Colleague: 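Quick one: this structure, given as structure tokens, is what I'll be asking you about.
No experiment lies behind these values; they were computed from the predicted model shown. In the text below, chain A, chain B and the rest are named by the order of the sequence lines, each starting its count at 1.
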Protein chains: 2
Amino acid sequence: MLKLTKKADYGLMALKYLAEHPETTALSAKEVADAYGIPAQLLAKILQLLTKNGLLRSHAGMNGGYALARDAREISAYEVIHAIDGPFFITSCTKGAKSCELTPSCTIKEPLARVNDTIAGVLKSISIHDLAEFEQPVGRAREANRLVSLTL
Amino acid sequence: MLKLTKKADYGLMALKYLAEHPETTALSAKEVADAYGIPAQLLAKILQLLTKNGLLRSHAGMNGGYALARDAREISAYEVIHAIDGPFFITSCTKGAKSCELTPSCTIKEPLARVNDTIAGVLKSISIHDLAEFEQPVGRAREANRLVSLTL
DNA sequence: TGAAATCCCGACAGAAATGGTCGTATACTG
DNA sequence: CAGTATACGACCATTTCTGTCGGGATTTCA
Ligand code: FES
Ligand code: FES
């Protein structure tokens with residue numbers, strides 16, 4: 001039904017949180033989980049995934065934890081979702097290597113692939129920094145306006 | 001993981017099929033299901049949903065079946081998905097009347113709502129006619145290029 | 001009028017995805 | 001070494017999705 005999984009949601013929240021605390025060198029999974037009241041162990045696994053995909057850098061031991069691997073501007077929502085939920089395709093049949101048996105008959109896959117690309121483009125154009133900056137306490141909400149093109 | 005349900009997929013296929021057969025007055029659920037090799041009873045239920053939501057018109061009895069309620073140009077992919085899967089929100093918590101308990105802490109909901117609107121806009125800009133016309137046997141593939149704006 | 005075709009609809013069972021927990025191993029700090 | 005924290009795999013509970021069944025209502029047609 002076209003919605004983010006909770007894991008992806010948690011992941012985005014966590015990254016945003018990290019982006020908002022650049023002063024600290026690293027934050028533990030537990031700290032972040034507590035900040036939002038989400039299951040610590042689950043978040044831990046999510047952060048591990050993000051680490052494995054190069055979005056975060058981890059450090060074990062005391063005062064260890066996670067930190068963004070790059071500038072918040074360089075991490076897109078797309079990457080986060082992709083890292084957590086794997087490649088997504090709007091069509092139920094993945095179109096990848098092994099398409100579903102209906103492939104020949106299903107004539108809807110191709111045009112929807114374009115839609116898929118468009119959505120991916122939207123997600124790619126959003127960075128963690130965008131999310132973090134969204135609600136400036138007083139700072140002028142300088143809205144960014146992007147144009148995404150859909151070629152059908 | 002941001003993908004259409006099979007039901008929505010089936011629904012789009014069926015509508016496309018109906019759009020491609022305007023000469024016939026109506027096609028039965030079984031005919032359409034057989035054309036694509038999808039479970040007839042399941043498709044029947046989907047078509048019933050679409051009928052209830054005003055996208056199709058049904059007619060019982062011999063030579064009965066379903067037909068588009070409007071011109072294929074006037075039926076958007078968004079409507080189809082919405083009719084079948086209900087309202088979708090990219091955020092896991094529906095943001096509607098009763099948000100989830102995390103609402104105060106989850107600061108990511110708002111910006112993602114914009115993304116949600118953008119995606120909805122993309123889907124709204126695609127009509128069944130667009131899908132049906134996609135693969136013209138020889139007809140020049142006149143590509144439509146749309147711009148969707150995302151204000152963050 | 002009766003049979004056949006077809007839509008209508010609610011209930012339900014099986015399958016799959018998702019959310020979340022646990023236990024243990026490993027790495028770092030001091 | 002003791003404590004803190006990540007890494008990772010196994011596992012279960014819950015929800016969502018897919019598909020089936022059965023009975024009922026409408027329309028057509030002979
Ligand atoms: S349903 Fe498999 S190719 Fe579209
Ligand atoms: S997780 Fe519920 S408001 Fe975002």
Colleague: Taking the side chain of Pro39(B) as its heavy atoms from C-beta onward, which of dG19(D), dA27(C), dC21(D) lies nearest to it?
Modeller: dG19(D)
Colleague: Report yes or no: does Asn116(A) contribute a side-chain atom to a donor-acceptor pair with the main-chain N or O of Ala113(A) at less than 3.5 Å?
Modeller: no
Colleague: Rounding to a whole Å, what distance do you find between Arg57(A):CZ and dA27(C):C1'?
Modeller: 17 Å
Colleague: Kindly say if Tyr10(A) contacts the phosphate of dT18(C), meaning a side-chain N or O under 4.0 Å from OP1 or OP2.
Modeller: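 The answer is no; no side-chain N or O of Tyr10(A) sits under 4.0 Å from OP1 or OP2.
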Colleague: Calculate the interatomic distance between Lys45(B) atom NZ and dG10(C) atom C1'; express it in whole Å.
Modeller: 8 Å
Colleague: Hey, which of these two, Met62(A) or Ser58(A), hits DNA chain D nearer its 5' end, going by closest nucleotide?
Modeller: Met62(A)
Colleague: Tell me the interatomic distance from Asp85(B), atom CG, to dT18(D), atom P, rounded to whole angstroms.
Modeller: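 In whole Å, dT18(D) P and Asp85(B) CG are 8 Å from each other.
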Colleague: Can you measure Ile81(A) atom CD1 to dT18(C) atom P for me and round it to whole angstrom units?
Modeller: 13 Å
Colleague: Quickly work out the Lys6(A) NZ to dT21(C) P distance and round it to whole Å.
Modeller: 11 Å
Colleague: Go through dG19(D), dT6(C), dT21(C) for me and flag the one nearest to the Leu42(B) side chain.
Modeller: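 Selected nucleotide (nearest to the side chain): dG19(D).
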Colleague: Which part of the nucleic acid does Ala44(B) contact within heavy-atom distance under 4.0 Å: base, sugar-phosphate only, or nothing?
Modeller: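 Since no nucleic acid heavy atom lies under 4.0 Å of Ala44(B), the category is nothing.
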Colleague: Rounding to an integer number of Å, can you tell me how far Ile38(A) CD1 sits from dG19(C) C1'?
Modeller: 12 Å
Colleague: Heavy atoms only: give me the nearest Ala40(A)-Ala33(A) pair and the separation to one decimal.
Modeller: CA-CB, 3.6 Å
Colleague: Whether the side chain of Asn53(B) engages the backbone of Leu55(B) through a donor-acceptor N/O pair (distance < 3.5 Å, no angle test) should be reported.
Modeller: no
Colleague: Quick check on DNA chain C: between Lys7(A) and Gln41(A), whose nearest nucleotide comes earlier from the 5' end?
Modeller: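 Result: Lys7(A).
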Colleague: Would you say a side-chain N or O of His59(B) is under 4.0 Å from OP1 or OP2 of dA5(C)?
Modeller: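 Negative; the distance criterion is not met.
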Colleague: Please check this pair: side chain of Glu31(B) against backbone of Ser28(B), looking for a donor-acceptor N/O pair closer than 3.5 Å.
Modeller: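 Yes: the side chain of Glu31(B) pairs with the backbone of Ser28(B).
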Colleague: Please determine, for the side chain of Ser28(B), which listed nucleotide (dT6(C), dT18(D), dA27(C)) has the closest atom?
Modeller: dT6(C)
Colleague: Can you tell me if CZ on Arg70(A) sees more than 12 non-hydrogen neighbours from other groups inside 6.0 Å?
Modeller: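 Atom CZ in Arg70(A) is crowded, with more than 12 foreign heavy atoms closer than 6.0 Å.
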Colleague: Whole-Å distance between dT6(D) C1' and Lys52(A) NZ?
Modeller: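 My rounded result for the distance is 13 Å.
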Colleague: Would you kindly give the CD-to-C1' distance between Gln48(A) and dA25(C), to the nearest whole Å?
Modeller: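 After rounding, the gap between these two atoms is 12 Å.
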